[in-house]
Structures are given as C-alpha cells and as structure tokens.
Amino acid sequence: MKEEIKAEIIKQLEKDIPEVSQVKQKIKLEIPKEDRFGDLSINVAFLLARFLKKKPVEIANQIKQMLEELPYFSKVEVAGGGFVNLFLSKEYYRDVLKQILKEKDRYGAALKKNRGRINVEFVSANPTGPLHLGHGRGAVVGNVQSNLYDYLGYKVEREFYINDAGRQIKKLGESVYARFRQIDQPDYPFPEDGYHGDYIKEIAQHLYRYEKEKILSFVDEKQAVDFCSEFAKEMLLEKIKEDLKEFGVEFDIWFSEKKLYTSGKVEEAIRFLKEKGMIYEKEGAVWVKTTLYGDDKDRVIIKSDGSYTYFAGDIAYHYDKFKRGYDSIVNVWGADHHGYFPRLKAAVMAFGVPEDWIKVMFIQLVKLFRNGQEIKMSKRSGSFVTLKELIEEVGKDAVIYFFLTKDSNTHLNFDIDLALKKSSENPVYYVQYAHARICSVFREAKERFGFDPEQDFEADINLLKEEQERILMKHLAMIPDLIKEAGEKQQPHKLTQITYDLASDFHYYYNHFKFLTKDDESLMRARLYLLKGIREALRTLFKLMGITPVERM
RNA sequence: GCGCCCGUAGCUCAGUAGGAUAGAGCACCGGUUUCCGGGGCUGGGGGUCGCAGGUUCAAAUCCUGCCGGGCGCGCCA
C-alpha cells in the first residue's frame, strides 16, 4: 500500500515539478523511526535540491502544499531540513481495517501468483542420519522464505536435493552392514570412519529381523553392503520426511542426485557447457573454465581416473533446474559452503541466465545453551542433539520462532531455558499470548454481553480517539509493507521482529484500556473491531512463520 | 597468503540498496499493584556503533587501510 501512495504522490508532484521524473528512482517513501515524524516520510525535497537549485526546506514547503490536496493524509509537515512527513487520515485507516477483515490471515498478500516461478532448495541433508539443528534452521529459513515468496505473488516450488550418490552413502552401507554382522559376531570390524550413532544399530537390527537371509545369501560382500546402503538410505529418508512434516515443512520435489548419473543428465550438462566453450582437458582431467565468470581458478569435473566430481553432479542438477524454466532459484546452504558458491555461480552463468538468477542464503551454526552452559555437540561420538529431540523438548513453535529471531547468516544461541519459560520474557510466549488474549476478550464479550465478535459486524472507528489506537491502526497499515520488505530482501527473520512489535503495541493497549464496557456499546464495538484486525494481522504473520495461533494459553 | 561472514549498551542481539536525537529483550535502579523476596504494570540510568582515514547536505550503513573472532580455500562430498 506504500507503493500505491508513492505512485499517487509522484503523480501529484509531477504536475508542477517536472524534474521529479529525473529523481523518481531515488525517491524513498519510508516509515520513520519515530512516531512524531508521521506515518510516512518522503525524501524527495533533498533529491530535487540539486536540480531546482533551491534549499531542500523551500522545496519541501512547496511539496507540502501539493500533497495536502491528496485524500490520504490528515496532516503534512516539513521537518528535519527537508523531510516531508505525512500523517494518514482516519478514512485511510478505516479502509485498512476493512481490508484486513476481508483478507483475514492472508492480509496484504498478493492475490495472483503472476510474478514468476521460484524454486527454493533447502535442507538437502545427506540421508545418512537424523536431522540436526543446522538442518532445522535451514528448514525454517527455507520454508518461511518460500512462504514469503508466495505472499509476494510468486509461484514457489520447495525442493530437497537428496545426496544419495557417492562415498557418504557407501560409508552408511558399510556401517550398517558391520553392525548387522556384529549381532552374531561381536568382534566383526567396524569401519574406521563409519557412522557411530545408535540409529545405525537400530537399522541393523531391523535388517537382522526381516532381511537376514537375503543379506547373507549375497555371494559378494559388496552386494550386501549395497543392499544395506539402499535400505538404510530409504529408511532414513522416511524419517527425515516425517520429522520435517511434523515441523510443518513439506517439499514439492525430492530430487535424487543418483538419478542425475543414471539418466545421462551429467553428460548432457557437460555437452552443453562444451558448446559454450567452457570445457577443456588438462593433465588427464576435464576442467570447467569457471574463471570466465569470476571464480579464482578453474575446476575439475572429470577426474583423471574418469569419475565425476561432486561439482559435475551439481552442475547437472542446476542445468536441470535451468531447463525447468524458473525465473529465479534460491539455495539455502550451510555457511561452511560459502566458498563453493563462486564456482557454481560461474557454471550457472554460462547457461546464460541473468546475474541474480541464482541466490544463496547461508545458514550459520546453532549453539544450544542450558543453564547458561553450552551443550557441546560431537557428531563423531554420537553425542548430539537432534532436531527431533529439541522439538520434543521445547515445542515446534518455539523452535521455529527462535530459529527465526536472528539473521540466518549470524550465529544463533538457542537458550532452552528461555524457550521453555511461560512468561513474557519468552518472545514466543509473548506473541502467542497476544493472540490468545484477543480470543479471550472475544469469548468474554460473547458470554457477558451476548455479543459475538467472531461473527461479522460493523463499527464506527471514528470513536477510536486514543493515541494508542492510532498507533495500532498505523501499525496494521504498515504490516504488509514490512512483510514484503522481509521477503524481497530474503530476511525471513524480520517476521519475528514485526510480530513482536505488533504484539507489544497490543499488550500495551490491553493494559491501559478496557474493551468490554457496558456503558458505551458503540465504543466497545469499535475497539473489538480493532482487536479483530490485530488478530488477523497476527495470524497472517503466524501463518507465514508456521507458528500455531493458540486460542488459550 | 587469498576470499567470505561477524564486531552496535554489562549480556543476547535488531537496525546496513545513506537520512532526523542509534533500538529491543535480559540484567541494573526507582514508582506502582498483588496474600507475595515470585509475577504484572510503569519510569529511568547505561553507547568513542572494533580503530583510523575518505566520499556526502547527511555514514552504524558506502570506499580504503588496520585490529580482533569465525569459516572456507582438494582431481573431497
């Protein structure tokens, strides 16, 4: 809605100041930090100063007069040496509330998905063990970013790349096979760098119970290991799917790395790069000229022993995505892979896509804290907390919310004690409490006055004369823009901030005003009307994050 | 050595496609409420935005150099 107003402002200004068209791109209509600077603020006077050879303040005063003619504003002020501050009118707020109640928990969302197709690939954990916290953070960030794209009007596809080829999977099979053999023969050697977790033993026991004859019947031990690999991988993948589903994350596409090799897609991609002149041979290996697109050295895709590198598979994978015709793709990766991006980007650029076609969001480490002490994790010894365990301990909503509190590219300290607190110190509790409180007020209204705010009703918002009510309405009006900004900038963590701020303004309102007053029923209705708008805005935010809008605490 | 990320209040962090007096939560101090040493409400103190230059009407934000911390730099996946 900011965009609408901005367009109107520009149209209005261009009537008398043709120079506006020259600075159009740099005009910023923003939400000022301080309430007294208005609901919106525009910087256009600074930009015009150079062209009109006048002081910003003078221009601002001229602009002020022109903008006062527009219907949106109740007041226009000049301040800060040339800012033009705009105060929205009651009529505008009335329209905002109407819109919220109409759009409900998709308040402000694009109605049509016509901005293009985006693919978001995330989690993509090796199916060699349970999901850990880093995967969980990636799952939340990827999922919420996908929700944001949907909100913005893109058609989104969520994808999980299954690393089911290569050494990891072989190692998995060897580990399971060893555990299987150890059941009858305890001194059977366990591979040096095998997977130690108990889940490997569980899989082995399962195989021992149901597939023992089959495994022992293989003539070649390698076949037995392959069988174990395949079985364990499928089983672990199922587990991963279940965990993610419980976490509210579902994928549209499960893409197998192995199939890239068996279906000839790797050869196809290499052939394509060859046509583009990106491929050459040196020292018995085949290389890609990634330096043509900014990488610091060329990279091998076929080793001198004739086998492919991981990079070859990844090029083929992205070539496949390219051919699927997405307008843009996003990869959510662990931050330790950041050094890998330039070479992948270089290969992808060779496809002939625009500079910003591929984006990567990096996920930094999650550290767990309990009683102020870090819980050290060691995957080797098997002593690490899985995503599932954390969810079981503090609940899905807290995990999601905490994973979203900080920019994904910064380290996150997860305080288990805080996540468990049932008080306003705990931000998840605090925001959910705001929603539950409104529900509770509505229940009371029905019980005490026989007036059910859950039903549709009309109200006169001109009765909302308190300062805090104006602040809340303004806040509601801005929410779609705040969400859109979070989505455009790939900063899903901003949603927690937006939600917290709204909850905070609501709690303040709740603590200072009575909603259920017998003596002034029309005021009661107006306030409940506002509460209903707040609740829908909260629901919109909760839905984007995947958090439950609880009705009672 | 090269590259990427981070450095903001005592702590954990927001804020960085330049914008007005740099924000929040916790902790700390005060007022108030409650049966309450807990909880709620409310007010307050607290900052050389790592350092030093530069660009600009305007820099936490952009540029350069340095300091400190993390990560990455394979014909590994």
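All of these numbers come straight from a predicted model, not from anything done at the bench. Below, chain A is the first sequence line, B the second, and so on; all start at residue 1.
For the pair A/Leu344 CG and B/rC4 C1', the computed distance is 16 Å after rounding to whole Å. Look at CG on A/Leu365: it is 13 Å from C1' on B/rG72, rounded to the nearest Å. Put simply, NZ on A/Lys233 is 17 Å from P on B/rA77, counting in whole angstrom units. In this structure, A/Tyr433 atom OH and B/rG40 atom P are separated by 10 Å, rounded to whole Å. Here the C1' atom of nucleotide B/rA77 and the CZ atom of A/Arg343 are 11 Å apart, to the nearest Å. With rounding to whole Å, A/Ile498 atom CD1 is found 12 Å from B/rA14 atom C1'. The CD1-P distance, from A/Ile302 to B/rG74, rounds to 20 Å in whole Å. Between A/His338 atom NE2 and B/rC2 atom P the separation is 15 Å, expressed in whole Å.
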- [ ] Could you go through the salt bridge (Lys or Arg N to Asp or Glu O under 4.0 Å) check for A/Arg527 and A/Glu469 one step at a time?
- [x] CA-CA 9 Å; A/Arg527 287 185 169 166; A/Glu469 290 166 338; 2.8 Å; yes
- [ ] Check the pair A/Lys64, A/Glu68 against salt bridge (Lys or Arg N to Asp or Glu O under 4.0 Å), reporting the backbone distance first and the verdict last.
- [x] CA-CA 6 Å; A/Lys64 169 181 143 86; A/Glu68 275 166 348; 3.1 Å; yes
TODO: Please report the C-alpha distance between A/Asp164 and A/Lys258 in whole Å, then the side-chain angles of each, then the deciding distance to 0.1 Å, and finally whether the salt bridge (Lys or Arg N to Asp or Glu O under 4.0 Å) criterion is met.
DONE: CA-CA 6 Å; A/Asp164 53 1; A/Lys258 201 172 171 182; over 6 Å; no
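An aromatic stacking contact links A/Phe37 with the base of B/rA20, defined here by ring centres under 5.5 Å apart and ring planes under 30° from parallel. The side-chain ring of A/Phe46 is not stacked on the base of B/rA58, judged by centre separation under 5.5 angstrom and plane angle under 30 degrees.
A/Asn163 comes within contact range of no nucleotide atom at all, as no heavy-atom separation falls under 4.0 Å. Here A/Ala165 lies in heavy-atom contact (under 4.0 Å) with sugar-phosphate atoms only. A/Asn85 comes within 4.0 angstrom of a base, heavy atoms only. Contacts of A/Phe362 with the nucleic acid, taken as non-hydrogen atoms under 4.0 Å apart, are absent. Within 4.0 Å (heavy atoms only), A/Phe414 reaches no atom of the nucleic acid at all.
For B/rA77, the OP1/OP2 oxygens have a side-chain nitrogen or oxygen of A/Lys303 closer than 4.0 Å. Contact between the side-chain N/O atoms of A/Asn413 and the OP1/OP2 oxygens of B/rU12 is not found at any separation under 4.0 Å. Checking the phosphate oxygens (OP1, OP2) of B/rC13, no side-chain nitrogen or oxygen of A/Thr405 falls inside 4.0 Å. Between A/Lys297 and the phosphate of B/rC73, there is no side-chain N or O to OP1/OP2 separation shorter than 4.0 Å. Contact annotation: A/His493 reaches the phosphate of B/rG15 (side-chain N/O to OP1 or OP2, under 4.0 Å). OP1 or OP2 of B/rA14 sits under 4.0 Å from a side-chain N or O of A/Thr410.
Nucleotides B/rG74 and B/rG53, compared at atom P, are 39 Å apart to the nearest Å. Taking atom P on both B/rC2 and B/rA14, the two are 29 Å apart, rounded to the nearest angstrom. The same atom, C1', is picked in B/rG50 and in B/rC6; the two are 11 Å apart, to the nearest Å. Separation of the P atoms belonging to B/rC75 and B/rG18 is 40 Å when rounded to the nearest angstrom. Taking atom P on both B/rG65 and B/rG72, the two are 24 Å apart, rounded to the nearest angstrom. When the C1' atom is compared between B/rU12 and B/rA59, the two are found 26 Å apart, to the nearest whole Å. B/rG15 and B/rC62: their P atoms are spaced 13 Å apart (whole Å). A gap of 31 Å separates the C1' atoms of B/rA52 and B/rG45, to the nearest Å.
Residue A/Lys282 qualifies as enclosed at atom NZ: its count of foreign heavy atoms under 6.0 Å is above 12. In A/Lys239, the NZ atom is not crowded: 12 or fewer heavy atoms of neighbouring residues, nucleotides or ligands sit closer than 6.0 Å. Enclosure of atom CZ in A/Arg167 is not indicated, since only 12 or fewer non-hydrogen atoms of other residues, nucleotides or ligands lie within 6.0 angstrom. Counted within 6.0 Å of NZ on A/Lys170, heavy atoms from surrounding residues, nucleotides or ligands total 12 or fewer; the atom is thus considered open.
Considering only the side chain of A/Lys406, B/rA14 comes nearest among B/rA14, B/rC71, B/rC41. Side-chain proximity of A/Ala285 to B/rA20, B/rC75, B/rA17: nearest is B/rC75. Among the nucleotides B/rC41, B/rA77, B/rC13, the one closest to any side-chain atom of A/Tyr340 is B/rA77. In the set B/rC71, B/rA24, B/rG19, the nucleotide with an atom closest to the side chain of A/Asp336 is B/rC71.
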Open item on the list: Please convert RNA chain B into dot-bracket. A pair counts if it is Watson-Crick or G-U wobble with both distances under 3.5 Å; crossing pairs go in [ ] and bases paired with another strand get |.
Closed with: (((((((..((((.....[...)))).((((((.....)))))).....(((((..]....))))))))))))....
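A donor-acceptor contact under 3.5 Å is formed by the side chain of A/Ser41 with the base of B/rA20. In this model, no side-chain donor or acceptor of A/His411 finds a partner on the base of B/rG70 within 3.5 Å. Side chain A/Thr309 to base B/rC75: no donor-acceptor pair is found below 3.5 Å.
A cation-pi contact, defined as under 6.0 Å to the ring centre and within 45° of the axis, links A/Lys171 to A/Tyr195.
At a cut-off of 3.5 Å, with distance as the only test, a side-chain donor of A/Asp298 or A/Tyr280 sits close to an acceptor on the other residue.
Take A/Leu516 and apply the side chain to side chain contact (heavy atoms under 4.5 Å, CB included) test, not counting sequence neighbours, and it matches A/Val441, A/Glu444, A/Ala445, A/Arg448, A/Phe449, A/Met524, A/Leu528.
Looking at which nucleotide of RNA chain B each of A/Glu30 and A/Trp287 is closest to, the 5′-most match is held by A/Glu30. If A/Asn126 and A/Gln364 are placed on RNA chain B by their nearest nucleotide, the residue sitting closer to the 5' end is A/Gln364.
Ring planes of A/Phe83 and A/Phe46: perpendicular class, angle over 60° (limits at 30 and 60°).
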